[in-house]
Structure formats: structure tokens, C-alpha cells
Amino acid sequence: MKHKIIIYQVFTRLFGNKTFECKKNGTLAENGCGKMSFFDDSTLRRIKKLGATHIWYTGVIRHASKTDYSSCGIPNQHPAVVKGNAGSPYAIADYYDVDPDLAEDVSKRMEEFEVLVERTHKMGLKVIIDFVPNHVARQYKSVAKPKGIKDLGETDDTGMGFSPSNNFYYCVGVPFEPYFDLAAGVGYPYTEFPAKATGNDHFDNRPGTTDWYETVKLNYGVDYCDAGGRSYHFDPVPDTWNKMYDILRFWAGKGVDGFRCDMAEMVPTEFWKWAISRIKGLHKGIIFIGEVYNPSLYRSFVSCGFDYLYDKVGMYDCLCGIMRGTCPASAITWQWQSVDDIKGHMLYFLENHDEVRIASDFLAGEGKRGVPALIVSALMGENPFMLYAGQEFGERGMDEEGFSGRDGRTTIFDYWTVQTLFHGYVNRRKMSTEERMLESQYARILNIAKSEKAVSDGLFFDLMYANGNPGGAFDPQKQYVFLRKYEDEALLVAVNFSDKAVECDVCLPRHAFEYMGLPEKTVTAVDLLSDDSAIEMPLKADGTVKFGIGAYGGRVYKFKL
């Protein structure tokens with residue numbers, strides 16, 4: 001049976017951390033760290049019960065950190081080029097290694113990851129990890145690469161700013177001189193000569209504090225500083241292509257079921273087409289998810305092999321605008337229509353490690369206000385939905401962890417404990433009534449998405465064009481409504497983004513009956529989101545159906561035809 005993909009993103013370092021009281025800017029010894037071992041059968045079963053089909057273990061590959069693991073043969077990183085004590089999971093220090101913070105026994109960290117993959121699979125869940133192709137940590141050095149693999153930059157000609165044979169871009173003849181203190185309070189400066197280009201396409205030797213200064217840009221054969229403008233050198237295949245393909249093949253060989261590809265649009269599509277086709281030829285069913293923010297590029301990335309792309313600039317921004325009250329609910333229609341030809345490839349989400357939490361002061365202020373957006377995101381299409389661990393409890397992201405300030409996001413740079421996750425997975429007796437209620441709503445909605453054939457395989461019909469009278473019995477500023485149908489089962493889904501309960505009068509246009517093959521008859525409808533008794537619903541072309549929706553609520557009426 002086909003299932004809708006529902007991805008549960010966990011920031012592995014934070015998930016399962018049992019240090020209840022954390023210190024701002026705390027070290028690993030002070031604040032602790034979640035481990036791969038925390039994902040035991042009980043924890044995985046709870047994640048699966050929520051409705052997940054995949055777990056994205058974020059931050060598994062070893063990245064730059066200020067924690068000293070030199071006794072384990074892991075090179076130290078200079079503090080000046082590490083953000084936070086724990087470091088960014090997107091400043092990769094060794095593509096072939098596992099983050100030692102996550103292991104019970106650092107010397108067996110790869111074995112622990114392999115066991116985690118096996119355990120996750122036994123629970124009936126699939127595994128996604130990050131692939132970070134655009135940039136690496138400034139002091140990248142692999143100590144875990146397989147025999148016969150040359151390290152990134154090992155054979156580079158550092159006297160050339162650009163060469164298709166180089167893995168990095170160089171600022172020839174000048175040292176790395178950023179606009180911050182290279183001694184970083186440790187008394188000895190970080191040195192780099194010649195300077196390498198910075199990960200966010202900063203091609204001189206002087207990045208600022210707002211740049212991705214802790215990273216260096218990888219060279220895929222694109223000369224960004226060619227005198228005549230950008231030029232491309234893909235024949236013969238650049239050395240970086242082969243090295244990155246080997247990395248993908250390595251992790252796919254560990255049983256990984258998919259890759260979330262960081263900043264995919266900063267890497268040429270020619271590489272993706274070349275690499276993805278080869279990996280999929282070796283590993284049937286493996287998926288690639290691209291972090292692409294430019295809608296004008298969506299179709300080119302789909303055509304080169306990506307299964308799914310972030311729908312951030314479109315649906316995510318729209319739903320956030322509705323929650324903030326700056327955008328009408330009817331705008332959802334335009335968003336799905338703008339990518340209708342590739343709608344099955346769009347990954348919907350309401351939170352991830354980069355974005356503010358729904359319940360933060362920077363978005364909605366409380367988790368329950370995101371429920372209508374969740375219903376829309378999870379049920380309106382066959383495409384995947386992703387949630388970020390803690391979202392289902394209303395995590396607010398309002399801690400001031402250290403390198404990360406109080407910005408409504410959960411830190412990716414610091415050692416920390418996320419209190420709602422601590423309550424939800426370590427000590428459920430501490431959960432508040434609101435946390436329990438929200439978790440229950442999430443589980444109900446996501447399991448509808450996973451189990452109902454009308455959602456995973458059915459037709460979709462947007463009813464908004466027939467329900468567009470602001471101030472009437474259905475307000476398109478605050479409510480959104482659509483139909484789903486598979487064979488003889490149908491769902492009428494309506495949501496209310498308002499803080500007040502409403503009585504809706506929804507028109508069912510004749511076109512919906514013709515497109516979906518609906519009969520004109522009275523049906524018995526059951527709301528899958530509540531324990532309300534069944535209602536008799538008249539289906540009549542250009543007729544109306546009436547029902548109430550609670551504040552920040554929704555209805556998912558299921559009926560047989």
C-alpha cells in the first residue's frame with residue numbers, strides 16, 4: 001500500500017539530551033548531549049505512532065566543534081572558525097565520519113550509527129541524513145576516509161584561483177583576514193594561506209561575521225570570477241564531482257534511504273543529474289530532497305533527479321503569513337497552482353532547524369495556532385510533509401542558548417536541552433495539558449494523512465473559487481476548504497485560522513461533481529478530527545453544506561459515495 005511520506009526531523013545532538021538545566025554557552029561537559037542510543041525501540045515506536053514514515057537524523061556527519069577529541073585521533077578545530085561550542089552541523093569536518101558527540105563510545109561511533117539505521121528500519125521507519133555539498137569546515141581533514149580516497153584539497157594547485165582540477169577556490173597570494181579576531185580569545189590566531197573562498201560565494205579573503213566564515217566553498221567546475229562572466233568546465237568531469245559521488249555512495253551503502261541536500265541550488269544541476277542517476281542506479285528507492293529557495297529553478301532541479309524540493313518561498317511563507325494575519329487564507333490557492341505541474345515534488349513543512357518555531361513570539365505565539373496550517377499541509381496533496389521535533393508539543397524556541405540568541409529558533413550551534421522534547425520523550429509526567437492536547441492533534445492529523453487513500457492517492461479539488469465572499473457565512477480571509485476523493489471515499493476538509501469559532505456555509509460547485517464523479521445524494525459524514533457524532537450531509541451541485549469549526553480548528557469529514 002502506498003503511504004504519504006511524513007518526515008520527522010530530529011536534531012540528533014539535542015534530541016534525548018537529559019541535562020535538565022543548561023548553562024548559556026555551556027560546554028559538552030556542562031550541558032550534555034543527546035546520543036544515537038537514545039533512539040531505542042520505545043522512542044522510535046512513539047515517533048512512528050505520531051505518524052512518521054521517515055526520520056531525518058540531522059547533524060550525523062562529523063562537523064567542526066570546539067570539543068577536544070584529539071585523544072580519539074580527531075583533529076581539533078580552531079575556535080575562531082567554529083560557531084558556538086558545538087559547531088554548525090553544516091561545517092563538515094570529515095564526510096566519512098560520524099559526529100563523536102552522538103556516540104556512547106567514540107571509538108565505535110560508526111558502528112553505533114549502523115546499529116541506529118538497523119534499529120530504525122526494524123521499526124518500519126526509513127532513514128534520511130544530510131548531504132552538505134556546497135561547503136565544508138575551514139579545517140576540513142578526513143581521518144576516516146576509505147583506502148584509496150584522496151582528501152579534498154589534497155592535490156589542489158593553490159597558486160590558481162580557479163582550476164577544474166581543484167576542490168577549492170583560492171585567493172592567490174593573500175592570507176585569510178576576516179573582519180573579526182582570529183585569536184578568538186585563545187591567544188593564538190587561526191592561519192590560512194592562501195585564503196580559500198567562503199561557503200556563501202564570498203570569493204575574497206575578508207568575510208564578515210554575517211558570512212558563512214566557518215566554511216569554504218567547494219569547486220564543481222564553475223569559474224565564478226571569469227573575466228567574461230561565469231564559465232563552466234564540466235568536461236572532463238571535475239575532480240570534486242567524483243569525490244562527492246564517492247561520499248554519497250558510501251552513506252547509501254550504510255543503508256541510508258534518502259539525503260536532504262543542503263543548499264542544493266548553490267551546486268550546478270549538471271552535477272546533480274550526473275550523481276543522482278548513478279546513485280539511484282545502485283540503490284533503488286533512495287530519495288533526494290533539495291533545499292532550493294528560488295521557485296524559478298524548481299523545475300530544473302526536478303528534471304535533474306530530485307524527488308522533492310522545499311516549498312519554502314511558496315507554501316511555507318504563505319501559511320506563515322496567514323498565521324501572522326498578513327495574508328488571506330485564499331492565497332493558498334495561488335501557491336499550489338503556481339507549482340501544479342510539479343506539485344508531487346514539493347515538500348511542505350511549517351518548521352525546520354532554520355525557521356522560527358510556530359509557538360515563538362516571532363510567529364504565532366502558541367502551537368495551537370498552527371493546527372489549521374498543519375491540516376492544509378498534511379492533507380491537501382499527495383506530496384510529503386515534514387515536521388521538526390518539538391513542533392508537536394508547541395516548542396517555543398525562546399531560549400537564549402549561547403551563540404544562538406533568543407530568536408524563536410532552536411539552536412544548531414550550542415549544547416542544549418529542548419524542554420518540550422525532554423518532557424515528551426524523557427519525563428512525560430512533566431508534560432502540560434496543552435502539550436498533550438497538541439501532540440494528540442498532531443498524531444490524529446498525521447495518521448489521517450498516512451492512512452487515508454484519499455490523501456495519499458486521491459483527487460484534489462480546491463473549493464475556494466466558489467466560496468469567496470468576505471464577511472459572509474464563509475470568510476476566505478480566515479477559512480480554507482477543499483475536497484479529496486479516492487474511489488468511493490471522499491473527504492471534505494475545512495480549516496479555520498481565526499481565534500473565534502465559526503459557522504460555515506460551504507458551496508459545492510457543479511464542476512466539483514463533474515471532476516470528481518460525485519453523486520447528488522445525502523451521505524453520512526464522520527469528522528475524523530473529533531469524536532462528534534455522524535452528520536447527514538446533503539451533496540447537491542451548487543448547493544451548500546453547513547457545519548461549525550472551532551477556533552484554530554478544522555474538520556475532516558469522511559463519507560462513502
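This chain uses plain numbering: 1 for the first residue, then up along the sequence.
- Side-chain contact check for Asn85 versus Ser65: every heavy-atom pair is 4.5 Å or farther apart.
- Residue Lys49 places its NZ atom among 12 or fewer non-hydrogen atoms of other residues, nucleotides or ligands, all under 6.0 Å distant.
- Proximity of a side-chain donor or acceptor of Asn383 to a complementary backbone N or O of Met346 within less than 3.5 Å is detected.
- Between Lys66 and Asp414, none of the side-chain N atoms (NZ, or NE/NH1/NH2) sits under 4.0 Å from a carboxylate O, so this pair counts as no salt bridge.
- Lys35 places none of its side-chain heavy atoms less than 4.5 Å from the side chain of Leu102.
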### Task
Take Glu114 and Lys254 through the test salt bridge (Lys or Arg N to Asp or Glu O under 4.0 Å) and record every step on the way to the result.
CA-CA 7 Å; Glu114 292 168 348; Lys254 297 291 182 184; 2.6 Å; yes

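- Counting heavy-atom neighbours within 6.0 Å of Lys126 NZ, excluding the residue itself, gives a total of 12 or less.
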### Query
Stepwise, does the side chain to side chain donor-acceptor pair (under 3.5 Å) test hold for Asn294 with Ser296?
CA-CA 5 Å; Asn294 186 345; Ser296 70; 2.7 Å; yes

### Query
Between Glu489 and Lys453, is a salt bridge (Lys or Arg N to Asp or Glu O under 4.0 Å) present by the stated rule, with each step listed?
CA-CA 8 Å; Glu489 292 183 339; Lys453 294 290 287 182; over 6 Å; no

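- Here the CD1-OH distance, from Ile47 to Tyr8, works out to 5.5 Å after rounding to the nearest 0.5 Å.
- The distance from atom CG of Asn447 to atom OH of Tyr442, rounded to the nearest 0.5 Å, is 14.0 Å.
- When side chains are defined from C-beta on, Ile55 counts as touching Thr120, because their heavy atoms get closer than 4.5 Å.
- Checking each of Val455, Val493, Leu492, Ile445 against Val556 for a side chain to side chain contact (heavy atoms under 4.5 Å, CB included) leaves exactly one that passes, namely Val493.
- Taking CZ of Arg369 as the reference point, atom CD1 of Ile358 lies at 11.0 Å (rounded to 0.5 Å).
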### Task
Show the numbers, then the answer: is there a side chain to side chain contact (heavy atoms under 4.5 Å, CB included) between His54 and Leu125?
CA-CA 5 Å; His54 294 60; Leu125 295 161; over 6 Å; no

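- A salt bridge links Lys312 with Asp317: the closest approach of a Lys/Arg side-chain nitrogen to an acidic carboxylate oxygen falls below 4.0 angstrom.
- When each of Asp257, Ile286, Thr58, Ile287 is tested with Ile128 by the rule side chain to side chain contact (heavy atoms under 4.5 Å, CB included), just one qualifies, namely Ile287.
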### Task
Determine, step by step, whether Asp340 and Lys343 satisfy the salt bridge (Lys or Arg N to Asp or Glu O under 4.0 Å) criterion, reporting the C-alpha distance in whole Å, the side-chain angles of both residues, the deciding distance to 0.1 Å, and the verdict.
CA-CA 5 Å; Asp340 191 35; Lys343 61 185 176 184; 3.4 Å; yes

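- A salt bridge links Lys280 to Asp307: at least one charged side-chain nitrogen sits closer than 4.0 Å to a carboxylate oxygen.
- Ring geometry, Phe349 versus Tyr316: the interplanar angle falls under 30°, so the pair is classed parallel (tilted spans 30 to 60°).
- Geometrically, Lys368 does not engage Tyr552 in a cation-pi contact, judged by NZ or CZ lying under 6.0 Å from the ring centre and within 45° of the ring axis.
- Annotation: side chain of His345 is not in contact with side chain of Phe301 (no heavy-atom distance under 4.5 Å).
- A donor-acceptor distance shorter than 3.5 angstrom exists from the side chain of Asn31 to the backbone of Tyr415, with no hydrogens or angles considered.
- Here the CG atom belonging to Asp201 is positioned 6.5 Å from the CG atom belonging to Asn134, to the nearest 0.5 angstrom.
- For Asn17 (side chain) and Trp416 (main-chain N/O), a donor-acceptor pair under 3.5 Å exists by modelled atom type.
- In this structure, the side chain of Glu104 does not engage the main chain of Glu112 through any donor-acceptor pair within 3.5 Å.
- Side-chain atoms of Thr43 come within 3.5 Å of backbone N or O of Phe38 as a donor-acceptor pair.
- Counting only distance, with no hydrogens or angles, the side chain of Ser377 and the backbone of Tyr348 share no donor-acceptor pair below 3.5 Å.
- Atoms CD and CG, from Glu452 and Leu379 in turn, are 9.0 Å apart once rounded to the nearest 0.5 Å.
- Contact of the Asp41 side chain with the Arg119 side chain is registered, since non-hydrogen atoms from C-beta on lie closer than 4.5 Å.
- With contacts defined as side-chain heavy-atom distances shorter than 4.5 Å, the pair Phe461/Leu459 does not qualify.
- Under the 30°/60° scheme for interplanar angles, the aromatic rings of Phe460 and Phe482 are found to be tilted.
- Pro328 is not listed as a side-chain neighbour of Pro476, based on a closest heavy-atom distance of 4.5 Å or more.
- Side-chain atoms of Arg555 and Ser530, non-hydrogen and from C-beta on, do get closer than 4.5 Å to each other.
- Here Phe39 and Tyr57 bring their ring centres to under 6.0 angstrom of each other.
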#### Entry: CA sep, side-chain torsions, deciding dist, call: Tyr480, Asp462, side chain to side chain donor-acceptor pair (under 3.5 Å)
CA-CA 9 Å; Tyr480 184 75; Asp462 191 320; 2.6 Å; yes

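- Of all heavy-atom pairs between Leu529 and Arg444, the closest is O-NH1, 3.7 Å.
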### Task
Apply side chain to side chain contact (heavy atoms under 4.5 Å, CB included) to the pair Asp101 and Leu28, showing each step before the final yes or no.
CA-CA 8 Å; Asp101 286 342; Leu28 173 64; 3.7 Å; yes

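- Listed for the His135 side chain is no donor-acceptor partner under 3.5 Å among the backbone atoms of Trp212.
- For Trp251 and Phe259, the ring centers sit 6.0 Å or farther from each other.
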### Task
Take Tyr310 and Arg260 through the side chain to side chain donor-acceptor pair (under 3.5 Å) test and state the conclusion after the steps.
CA-CA 10 Å; Tyr310 273 35; Arg260 177 268 185 188; 3.1 Å; yes

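- Evaluated for a side-chain hydrogen bond (donor to acceptor under 3.5 Å, both in side chains) with Thr410, the options Arg396, His353, Arg357, Glu355 yield exactly one hit, Arg357.
- The closest donor-acceptor contact from the side chain of Asp130 to the backbone of Gly59 lies under 3.5 Å.
- Glu401 and Lys24 are not joined by a salt bridge, as no carboxylate oxygen comes within less than 4.0 angstrom of a charged side-chain nitrogen.
- Between the side chain of Lys48 and the backbone N or O of Met123 there is at least one donor-acceptor pair closer than 3.5 Å.
- Using a 4.0 Å cut-off between charged side-chain N and carboxylate O, Asp341 and Arg299 make a salt bridge.
- The distance from the CE atom of Met431 to the CE atom of Met437 is 11.5 Å, given to the nearest 0.5 Å.
- Using a 4.0 Å cut-off between a side-chain N of Lys or Arg and a carboxylate O of Asp or Glu, Glu118 and Lys122 qualify as a salt bridge.
- Side chain of Arg109 to main chain of Val106: a donor-acceptor pair is present (N/O by atom type, distance under 3.5 Å, no hydrogens or angles).
- Below 30°, between 30° and 60°, or above 60°: for Phe393 and Tyr425 the angle between ring planes is above 60°, a perpendicular geometry.
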### Task
Just do the side chain to side chain contact (heavy atoms under 4.5 Å, CB included) check on Glu214 and Val82 with the steps written out, would you?
CA-CA 6 Å; Glu214 81 279 25; Val82 178; over 6 Å; no

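- Counting only N and O atoms by type, the side chains of Arg13 and His63 include a donor and acceptor under 3.5 Å apart.
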